[in-house]
Every structure is written in C-alpha cells, then in structure tokens.
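To keep things clear, I will list the structure first and then write my remarks on it.
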Amino acid sequence: MTTSAEPAAGDVPARLYLAIGRLSRALRRSGAPGLGHGSISALSTLVNCGELRLGDLATKEGVAAPTMSRIVAGLVDAGHVAREPDPADRRAWLVRATESGERIVSGVRSSRVHELGRRLDRLSPADRDRLVAAIPVLETLLTD
C-alpha cells in the first residue's frame, strides 16, 4: 500500500482526464440555455475559422456530415448561422456565423470565463499559484 500523497503514475492520466472533463462540463452548464454543446461548438468554430463548407465544419468538429447538417439546420432556423450554396460546387453548402451567432459565442465565452474566475477565486493563493504555473504545461499537452 502506498502512503504517499502523490498519486501513482498510472493514476495521473485518469485523474487528470476526469478533472478536466468534469470542469469542462460544469463550465458548459454556465453557457447559453437552449443551445446544446454541439451547437455551441460548431458556432464557435465558425466564429473562429470564418466561412466553411458544411463537410469541412463536420470534419473540424469530429462528427458525421448528417449530424452537422442537423446542427446547422437548427442554427440557421435560430438565425445564428447563414447557409448558402458554394459557388465553386453547387452540391456543397457554405456556412458562416451571423452577428447573432457571434454575440452568442461571445456571451457563452464570457459566462464560462466568469464562472471559471469565480471558481479560481475560491482557491488558496498557493493553489492558485500552482495552477497558474501549470498552464504552460497544459498548453504543451494540446500540441500533437
């Protein structure tokens, strides 16, 4: 039996995965009511990347084209996304975020950052300093 306060090496990936996943879900709950995670994610991608073909958006989001088509249809109906035929290939669609969609993404981001700030404020100064020091390490994990 291990008496150390440090987790065993095999436990670190699992604990980190669970902690990041749970924190992400908690922050998503502070977002735009009525829009699901898939819709917010697709809308955020359009705001960040600009106009995309529907198939390219599906690829970026890691979902099947029919799934993305349903998501985009809902966003078009809500006025958050505009869709038009691709002039280079009339069989394909181009989609882009509207001003309404951009406002939604900005509001969601603001709400989530505010909620994260609220949670960070509850940390002790020492824990906050350790977390801040870990940010570059976490950012390194994002690169392939």
Side-chain angles (χ1 to χ4, degrees), residues 5-144:
E6 294 295 315
D11 292 346
V12 171
R15 288 183 64 197
L16 187 58
Y17 174 79
L18 285 173
I20 290 171
R22 288 175 178 161
L23 179 59
S24 178
R25 281 190 301 278
L27 295 174
R28 281 196 307 257
R29 286 191 294 269
S30 67
L35 288 181
H37 172 66
S39 294
I40 293 292
S41 182
L43 195 51
S44 294
T45 297
L46 289 172
V47 167
N48 292 325
C49 295
E51 186 174 72
L52 291 170
R53 281 180 147 189
L54 191 60
D56 293 336
L57 178 59
T59 299
K60 283 187 178 291
E61 290 295 302
V63 299
T67 299
M68 185 53 62
S69 187
R70 283 190 300 277
I71 289 171
V72 167
L75 291 169
V76 168
D77 290 345
H80 304 314
V81 167
R83 179 175 66 177
E84 59 190 45
D86 183 345
D89 180 355
R90 292 288 179 181
R91 297 170 296 168
W93 290 95
L94 292 173
V95 291
R96 65 174 172 73
T98 62
E99 286 183 28
S100 169
E102 291 173 3
R103 282 192 304 274
I104 292 284
V105 169
S106 177
V108 166
R109 184 176 296 126
S110 178
S111 294
R112 291 176 180 176
V113 167
H114 176 28
E115 175 61 18
L116 182 56
R118 191 180 69 73
R119 289 168 183 254
L120 291 172
D121 288 344
R122 296 189 320 226
L123 296 176
S124 70
D127 282 346
R128 181 190 282 269
D129 289 346
R130 282 194 293 274
L131 185 57
V132 168
I135 291 171
V137 176
L138 291 171
E139 290 170 339
T140 299
L141 295 175
L142 296 172
T143 61
D144 288 333

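For the single chain, residues carry numbers from 1 onward in sequence order. None of these values were measured; they are calculated from a predicted model.
Summarising the geometry, atom CG belonging to L46 is positioned 5.0 Å from atom CG belonging to L57; distances are rounded to the nearest 0.5 Å. Between the CG atom in D86 and the CG atom in D56 there is a gap of 9.0 Å [rounded to 0.5 Å]. Distance CG/L131 to CG/L138: 7.5 Å, rounded to 0.5 Å. Residue R112 holds its CZ atom at 11.5 Å from CG of L23, rounded to the nearest 0.5 Å. One finds the CD atom of E51 at 5.5 Å from the CD atom of E84 (value rounded to the nearest 0.5 Å). The line from OG1 of T143 to CG of L141 is 7.5 Å long, rounded to the nearest 0.5 Å.
Panel note: side chain S111, backbone G107; a donor-acceptor pair is recorded below 3.5 Å. The backbone N or O of I40 lies less than 3.5 Å from a partner atom in the side chain of S44, making a donor-acceptor pair. Put simply, the side chain of T140 gets close to the backbone of P136: a donor and an acceptor are under 3.5 Å apart.
Looking at every heavy atom in both residues, G79 comes nearest to S100 through O-CB, 3.6 Å. Residues A65 and A58 come closest through the heavy atom pair CA-CB, 4.0 Å. Shown here for R83 and W93, the closest heavy-atom pair between the two residues is CG-CE3, 3.3 Å. Residues R90 and P85 share a closest heavy-atom pair of NH1-CB, 3.5 Å. The two residues I104 and L43 come nearest to each other via the heavy atoms CG2-CD2, 3.9 Å. Listed here is the closest heavy atom pair of A42 and I71: CB-CG2, 4.1 Å.
Between R128 and D121 the shortest side-chain heavy-atom distance falls below 4.5 Å. L120 is listed as a side-chain neighbour of L123, based on a closest heavy-atom distance under 4.5 Å. E61 has its side chain out of reach of T67: every pair of non-hydrogen atoms, C-beta onward, lies at least 4.5 Å apart. Counting heavy atoms from C-beta outward, R53 and D89 have side chains that approach closer than 4.5 Å. Residues L75 and L35 form a side-chain contact, since some pair of their non-hydrogen atoms from C-beta on lies under 4.5 Å apart.
We find that R118 and E115 are joined by a salt bridge, their nearest charged nitrogen and carboxylate oxygen being less than 4.0 Å apart.
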